[in-house]
Amino acid sequence: MGNIGAKEVPTLLDAEGRRIDGRRLDELRPIQIRAGPLRQADGSAFVEWGANKVMAAVYGPREVHPRHLQQNTKAVIQCRYNMAAFSVDERKRPGIDRRSQEISKVIAEALDSVVFAEEFPRTSIDVYIEVLQANAGTRCAGLVAASVALADAGIPMADLLPAVAVGKVGGAIALDLKKEEDNFGEADLPMALVPQSGRLVLLQMEGHMTEPELAQALDLGVGGCRVIYEKMKAALRERYSVAPAAEEAAA
Ligand code: UDP
């Protein structure tokens, strides 16, 4: 235990290499993904990931508002990431702030790299991400929810976009940081992967790590993304698979 200002720094890694919640360094928090929970939206997804709870809703392709954002050759992807005022321990001021603007922008750009936007010129694909409960990694959870919601809306895409934050805690590279690790760790590195091409379409970093540590972090993150990818596909299969009995009844 040490002290930074008035805040007590928790022990992030014990002698056995276990993290604050008992996970190993390469272990994800539990993830549950549900495709299509919202009726009004064209597509939706709900992600529970550790203590994060994130809902995404997709509308479109539809008319562009505001009109001046319309593009003649492709759909514009507009994303609004919002953290509910009740989503964190210390009350967050409701409404748009710089952080939510930045996250909305990086998520929209990541989605733009997989959506076949040229198929829908002069339209908007609107992606709403509502963080109902936050415990670090919400931009990644938001991106996972958004890309499942886009698939649920039937928007053509090259691939889904699994995402995860890796980082450095207690001197070691760790997968999927939770809040204490994000707050008190040495580095936080959210990333999103296009699994079929191996391209990274979101990569941000806060803090410090060495070049070999960065290479290790990227490897760990890519592995984590591939696990999450399977869960995303399973959520969509569950939503759209027809039970054998129902199939027979419909025949
Ligand atoms: N957080 C908070 N209040 C805020 C912003 C963030 O309590 O106004 C917490 C929240 O748990 C969030 C975490 O800090 O998930 C890490 O935030 P960061 O900006 O690193 O983004 P994230 O890891 O959620 O993508």
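Count residues from 1 along the sequence. Order of appearance sets the numbers: ligands from 1, and atoms from 1 within every ligand.
- Given atom 25 (O) of ligand 1, the protein heavy atom at minimum distance is R139 NE, 2.8 Å.
- Residue, atom and distance of the protein heavy atom nearest to atom 2 (C) of ligand 1 are V88 CG1, 3.5 Å.
- Linking Ile, Leu, Val, Met, Phe, Trp and Tyr whenever their side-chain heavy atoms come within less than 4.5 Å puts V148 and M157 in one cluster.
- Residue contacts with ligand 1, taken as heavy atom pairs separated by less than 4.0 Å, involve D182 solely via side-chain atoms from C-beta onward.
- Residue contact check: M83 has heavy atoms under 4.0 Å from atoms 3 (N), 4 (C), 5 (C), 6 (C) of ligand 1.
- Applying the 4.0 Å criterion to heavy atoms of K179 picks out, from ligand 1, the atoms 7 (O), 9 (C), 11 (O), 14 (O).
- For K233 and E230, the salt-bridge test passes: some basic side-chain N is under 4.0 Å from an acidic carboxylate O.
- Salt-bridge formation is not detected for the pair E118/K74: no Lys NZ or Arg NE/NH1/NH2 atom is positioned less than 4.0 Å from an Asp or Glu carboxylate oxygen.
- Heavy-atom proximity to D188, at under 4.0 Å, picks out these atoms of ligand 1: 20 (O).
- Scanning the protein heavy atoms around atom 24 (O) of ligand 1, the nearest turns out to be T138 OG1, 2.5 Å.
- Closest approach of A141 to V54, counting heavy atoms only: CB-CG2, 3.9 Å.
- The side-chain contact (heavy atoms from CB on, under 4.5 Å) test with F184 singles out one residue from V169, V9, I20, T11, and that residue is V9.
- At the shortest separation from atom 8 (O) of ligand 1 among protein heavy atoms lies K92 CG, 3.7 Å.
- Separating the CG atom in D26 from the CG atom in D219 is a distance of 12.0 Å, to the nearest 0.5 Å.
- Tested against Y81, the residues R139, E130, R99, Q101 include a single side-chain hydrogen bond (donor to acceptor under 3.5 Å, both in side chains) partner, R99.
- Looking only at protein heavy atoms, the nearest one to atom 19 (O) of ligand 1 is R99 NE, 2.7 Å.
- Contacts between N135 and ligand 1, counted as non-hydrogen atom pairs separated by less than 4.0 Å, involve the backbone only.
- If you check the side chains of Y240 and D152, you find a donor sitting under 3.5 Å from an acceptor.
- Among A134, A136, A141, the residue whose heavy atom lies nearest to atom 15 (O) of ligand 1 is A136.
- Shortest contact from atom 23 (O) of ligand 1 to any protein heavy atom: G137 N, 2.7 Å.
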